There are 2 protein chains.
Amino acid sequence: MAAISSISLKTPTKIQSLPKTHYAVPLNLPFSCRSKSKRTGSIGSRTRIRCGLLIEPDGGKLVELFVEESQRELKREDALKLPKIKLTKIDLEWVHVLSEGWASPLKGFMREDEFLQTLHFNSIRLEDGSVVNMSVPIVLAIDDSQKNLIGGSSSVALVDDEYNPIAILSDIEIYKHNKEERIARTWGTTAPGLPYVDEAITHSGNWLVGGDLKVIDPVKYNDGLDRFRLSPAELRDEFTRRNADAVFAFQLRNPVHNGHALLMTDTRRRLLEMGYKNPVLLLHPLGGYTKADDVPLHWRMKQHEKVLEDGVLDPETTVVSIFPSPMHYAGPTEVQWHAKARINAGANFYIVGRDPAGMSHPLDKRDLYDADHGKKVLSMAPGLERLNILPFRVAAYDKTKNGMAFFDPSRPQDFIFISGTKMRTLAKTKESPPDGFMCPGGWKVLVEYYDSLDQAENG
Amino acid sequence: MAAISSISLKTPTKIQSLPKTHYAVPLNLPFSCRSKSKRTGSIGSRTRIRCGLLIEPDGGKLVELFVEESQRELKREDALKLPKIKLTKIDLEWVHVLSEGWASPLKGFMREDEFLQTLHFNSIRLEDGSVVNMSVPIVLAIDDSQKNLIGGSSSVALVDDEYNPIAILSDIEIYKHNKEERIARTWGTTAPGLPYVDEAITHSGNWLVGGDLKVIDPVKYNDGLDRFRLSPAELRDEFTRRNADAVFAFQLRNPVHNGHALLMTDTRRRLLEMGYKNPVLLLHPLGGYTKADDVPLHWRMKQHEKVLEDGVLDPETTVVSIFPSPMHYAGPTEVQWHAKARINAGANFYIVGRDPAGMSHPLDKRDLYDADHGKKVLSMAPGLERLNILPFRVAAYDKTKNGMAFFDPSRPQDFIFISGTKMRTLAKTKESPPDGFMCPGGWKVLVEYYDSLDQAENG
C-alpha cells in the first residue's frame with residue numbers, strides 16, 4: 001500500500017519546475033489569505049485563496065498538543081502521581097484528534113464555555129472576537145467515582161487500559177454532563193439507537209472534564225495503517241512539497257466507486273478551469289469509530305489502494321490519508337466538523353454530497369436528515385466562510401455508456417442509481433455490479449470483506 | 001392603569017432641561033454606535049453605547065411590515081383573491097411580533113435558510129456578512145391540504161377565524177417541517193409535555209411556509225391592554241422623548257415582588273455610577289402565549305400597576321409596556337430571543353436572572369436547564385455582542401431587615417428564599433408573605449386572582 005502513501009510518492013517534476021517566486025512565502029507563517037469578497041452560489045466568485053499559500057488554520061495557528069520530546073520522561077513521571085482517568089477507545093481517538101490540531105484552536109477537551117457554544121452556536125468566539133466553527137462536542141465524560149478521585153486536583157492523567165499514561169489534562173474544569181440536552185442539540189433527535197450515543201454517551205458518566213491537553217507520546221494504533229495517519233502539519237508539508245495551489249478534500253467512510261472517482265476528477269478539472277495550476281486531492285477516509293455495518297477501515301484502505309492502482313485516480317495529484325476522528329452520524333451538524341478539520345489540514349475546497357454524515361432514523365422509516373440540509377447548513381456555517389464548498393453532482397450508472405456519469409435529468413431512463421445498501425447487498429451475495437461501476441480490483445476487496453464476515457459467522 | 005402607561009406620563013421637567021445638544025442626532029437615522037472594545041466580565045468595560053443615541057436595531061434598521069394606510073383597502077381586496085391560511089392564536093402573535101420589527105431584520109415568517117440558521121447557529125448571517133442573533137424559529141406551519149390549496153400561488157392571505165384578511169405573505173417558500181428536529185434543537189429535549197410544543201407544534205402541519213409579510217391592519221386584541229403594547233418604534237420614540245442615555249430591559253412573566261424592584265432600582269444606581277445621566281427601565285412583561293399555571297397577563301398588569309402606584313418603582317424612569325411574543329420556555333435558547341427583541345426596542349442593557357425562560361423538566365424531577373446556562377449562553381451569543389448583559393444578583397427575604405435584600409452569603413441564616421411556587425401557594429391559600437416581600441396592593445391582586453380561579457372551579 002506504500003505506493004499510495006503521500007509521503008512515499010515522489011514530487012512530480014513538472015510541478016517542481018514552477019517558478020519559485022510563485023511560492024515565495026514559507027508555509028508556517030501565520031498569514032491571512034482572507035478576501036472580503038461576498039459569498040455567492042457560483043464556484044468562481046467564492047474562490048478566496050489565491051495567494052500561493054495554503055489556507056490558514058482556524059485561529060491563525062495550528063495547535064499541536066504534544067509534550068516536547070526532551071520532556072516526555074519527566075511528564076510520564078508527573079502523570080504517575082496524578083489522579084488517573086482511563087480512556088475509552090473513542091476518548092483516545094479524540095485525544096489523537098486534539099493532539100494533532102484537527103480541532104485547532106481547541107487546546108484540549110472542552111470546558112463548559114466551549115461546550116455550550118458548540119451546542120448552541122456550532123461555533124466558538126475567540127479572544128480577539130473572531131469566530132471558528134466547532135459543531136460537535138469534544139468532551140471527556142467521567143462518573144461520580146472518578147470525580148471523587150480527582151477531588152481538588154487541578155490536573156489529571158489520562159491513561160490507557162493498562163494504566164500507561166497517555167496525556168495530562170491540566171487546569172481542569174468539571175461540569176455537568178446533561179446527556180439528553182447534548183444528544184438533542186447535536187443530533188436533532190433523542191431517539192434510541194444512534195450509534196455514537198449508544199457507544200459513547202448513554203453509559204458514560206454524568207460529568208465532563210475539560211482542560212489543557214498535553215500528549216506524552218503521539219497516538220499510534222500499530223495496525224499497519226499508522227503511516228497513513230498524517231497529521232494536519234504533515235499534510236500541510238506534503239501539499240507544500242507538491243506545490244499545491246488548491247487542496248480539495250473528499251471525506252469518505254465508504255468504498256470508492258467510479259462515481260466518486262468521476263466527481264473527484266471532475267472537481268480537479270473545474271479547479272484547473274478556474275485558473276489553479278496544481279489542485280491536489282485529499283482523499284481522506286475517516287479512521288475513527290464507525291457503526292457496525294460500515295466497512296472497517298483496513299478493508300476500506302485496501303479498496304482505496306486498488307482504486308489508485310487501477311489508475312482511476314491520479315496518484316500524482318492525490319494524497320490518501322486517514323482522518324482520525326470518530327464518526328457521529330450527526331448529519332448537518334457533523335459535516336461542519338468534517339469540513340472544519342480539513343481547513344486545519346490545509347484544504348480550501350470541500351466536496352459535499354447528498355446527506356453527508358447521515359443515516360436512517362433509528363425508529364422511523366425515513367432518513368434522519370433532509371438530504372439537502374448538510375450542504376445548506378455547511379454553506380451558511382459560522383467560521384467556514386473561508387472554505388469553498390463544492391456541492392456533489394449526482395453520479396449514476398449510465399447504461400448508454402456502460403460507466404458512471406453525471407446524471408442527466410433529460411434522459412432518466414438511461415441511469416441506474418446504485419445506493420450504498422445496494423452495493424453492499426451485491427458484494428455480500430457475490431453478484432457483480434454493472435461493468436464500470438467500480439474497478440475490478442476494488443470490487444474484489446469488497447467481496448473478500450463480506451466473505452470474511454461469512455466465515456467469521458460460520459466459524 | 002393609564003397612570004403607568006409610558007405614553008400618558010408627562011416627560012419629567014428635569015430631564016427636558018438637559019442641553020439639547022446632548023441629543024442632537026435624530027433617532028431614526030441608521031447610525032452605528034458600535035465600539036470595537038472587547039467584552040469582558042466587568043460591567044464598566046462592556047459599556048458600548050455612549051454616543052447619545054439609542055442602540056441601533058439589528059441589521060441597522062427597524063423593519064416594520066405594515067401595508068401603507070392608503071393601500072390597505074387595495075391589499076384587503078387582493079387578499080380576498082389569494083389562497084387563505086387561517087392563523088392560530090399563536091400564529092397571530094408572531095404576525096404581531098414580526099410586523100412591528102421585534103425580530104428585525106426578519107421580513108416575515110422564516111424561509112428554510114433562516115430556519116436552518118436559527119436551529120443550528122441561533123443566528124442569521126446577513127447579505128453584508130454581519131450576523132444577527134435569532135434563536136427561536138418564527139415559522140408558520142401548514143398541513144397537506146393547505147399546501148395543496150396554495151398550489152403554485154406565490155402569495156397567500158393570512159386570515160383570522162372569520163376569514164378576515166390580516167396579512168399577505170408573498171414570494172413564499174414551502175419546506176418540510178421536521179417537528180422532531182425543530183423541538184430537539186430548540187429545547188434540547190423531545191420529552192412530551194413542553195407547553196409550547198403541545199400548544200403549537202405537535203398538532204401543526206408537516207410543512208412550513210416562509211415569505212415576505214405585509215400586515216394590513218396593525219394587530220389589536222381589544223382586551224383593554226392594547227395601549228400598553230408599544231411597538232419597538234414607539235418605545236424608541238418614548239425613550240428619546242425621555243432623553244434616556246441608557247435603557248435597561250427587564251423581561252418578566254411573573255408578578256413583581258420587592259426583590260425584583262430592588263434589583264431594578266439597584267441597576268439604575270449602578271448605571272448612574274457608571275456615568276449615565278438618565279437610565280430608563282423598560283419593565284417588559286411578556287404578553288403572548290404562556291402556560292396554564294402562569295398568572296394571566298391582565299392580572300399581571302394589574303399587579304404591576306399596584307407596584308408602581310405603591311412607589312416601589314419610580315414612574316418617571318420606568319416604562320411599562322407589553323412584549324407581544326409568545327413564550328417558548330426554551331431556557332438558554334429563548335433568553336437570546338428575549339434579549340435580541342429588546343435591542344430592537346432600544347434597550348442596550350439586559351437584566352438576566354437565574355434560569356431565564358426555564359421550567360421543570362416535563363418528565364424528570366429536575367429543572368429542564370442548568371440555572372446558570374441562560375446567563376452564560378446569553379453572554380456568548382452571536383449577534384448580541386453590542387448588548388450589555390447584567391446578571392441578576394440574588395435577592396431574598398432578609399429577616400434582620402424585614403424586607404428583600406441582596407443575599408449575603410456570610411449570613412445565610414438571615415435569609416428566606418421565596419420561590420415562585422411558594423409565592424403562588426401562599427397566594428392560593430390566602431396566607432400572607434413576610435412583610436416587605438411584595439407591596440400590599442400587589443399582593444392583594446394576586447390573592448384576588450387565585451380567588452377568581454377558585455370561584456371558576458366551584459361555579
Side-chain angles (χ1 to χ4, degrees), chain A residues 36-40 112-129 131 133 135 175-176 178-191 331-333 335-336 361 363-364 366-385, chain B residues 36-40 112-129 131 133 135 175-191 331-333 335-336 361 363-364 366-383 385:
Chain A
K36 281 178 184 160
S37 70
K38 229 172 71 184
R39 296 180 87 177
T40 69
E112 192 176 39
D113 275 3
E114 293 159 334
F115 177 63
L116 288 175
Q117 290 182 78
T118 300
L119 286 190
H120 287 275
F121 315 132
N122 286 194
S123 59
I124 292 175
R125 182 160 41 200
L126 308 183
E127 287 272 309
D128 67 359
V131 166
N133 190 269
S135 63
Y175 56 101
K176 275 177 248 162
N178 184 331
K179 298 178 194 178
E180 181 188 52
E181 186 173 359
R182 173 182 173 192
I183 295 164
R185 296 197 193 277
T186 305
W187 279 271
T189 177
T190 56
T333 301
V335 72
Q336 298 170 65
H361 192 285
L363 298 179
D364 305 344
R366 60 170 176 94
D367 285 338
L368 181 50
Y369 304 107
D370 182 298
D372 291 328
H373 280 187
K375 182 175 62 190
K376 287 181 185 172
V377 167
L378 190 59
S379 72
M380 301 185 289
L384 298 183
E385 297 84 357
Chain B
K36 281 177 182 161
S37 72
K38 228 171 73 184
R39 296 179 86 175
T40 69
E112 192 176 37
D113 275 3
E114 293 159 334
F115 177 63
L116 289 175
Q117 291 181 78
T118 300
L119 287 190
H120 287 274
F121 315 133
N122 285 193
S123 59
I124 292 176
R125 182 161 42 200
L126 308 184
E127 286 271 309
D128 67 358
V131 166
N133 190 269
S135 62
Y175 55 101
K176 274 177 250 163
H177 185 196
N178 185 331
K179 298 177 192 178
E180 181 187 52
E181 185 172 359
R182 173 182 172 193
I183 296 163
R185 296 196 192 280
T186 305
W187 279 270
T189 177
T190 57
T333 301
V335 71
Q336 297 170 66
H361 192 285
L363 298 179
D364 305 345
R366 60 171 176 93
D367 285 337
L368 181 51
Y369 304 106
D370 183 299
D372 291 328
H373 280 188
K375 182 175 62 191
K376 288 181 184 171
V377 167
L378 190 59
S379 72
M380 301 186 289
E385 298 82 357

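What you are looking at is a predicted structure, and each value in this text was computed from that prediction instead of being measured.
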Worksheet item: Would you find a donor on one side and an acceptor on the other, under 3.5 Å apart, between the side chain of A/Glu114 and the backbone of A/Glu112?
Response: no
Fill in: Those residues that, when tested against B/Thr333, pass side-chain hydrogen bond (donor to acceptor under 3.5 Å, both in side chains) (two or more places apart)
A/Arg185
Worksheet item: What residues, two or more places apart in sequence or in another chain, satisfy side-chain hydrogen bond (donor to acceptor under 3.5 Å, both in side chains) together with B/Asp370?
Response: A/Lys176
Worksheet item: Is chain B contacted by the side chain of A/Asn178, its backbone, both, or neither, given a heavy-atom distance below 4.5 Å?
Response: side chain
Practice prompt. Under 4.5 Å, counting heavy-atom pairs only, tell me which of B/Pro382, B/Ser123, B/Ala191 racks up the most with chain A.
Written response: B/Pro382
Item to complete: Can you tell which part of A/Ser135 gets under 4.5 Å to a heavy atom of chain B, answering side chain, backbone, both or neither?
Response: neither
Worksheet entry | Where A/Arg125 and B/Met380 come nearest, the two heavy atoms and their spacing | NH2-O, 3.2 Å
Worksheet item: Which answer fits A/Thr189, side chain, backbone, both or neither, if we ask what part of it has an atom under 4.5 Å from a heavy atom of chain B?
Response: both
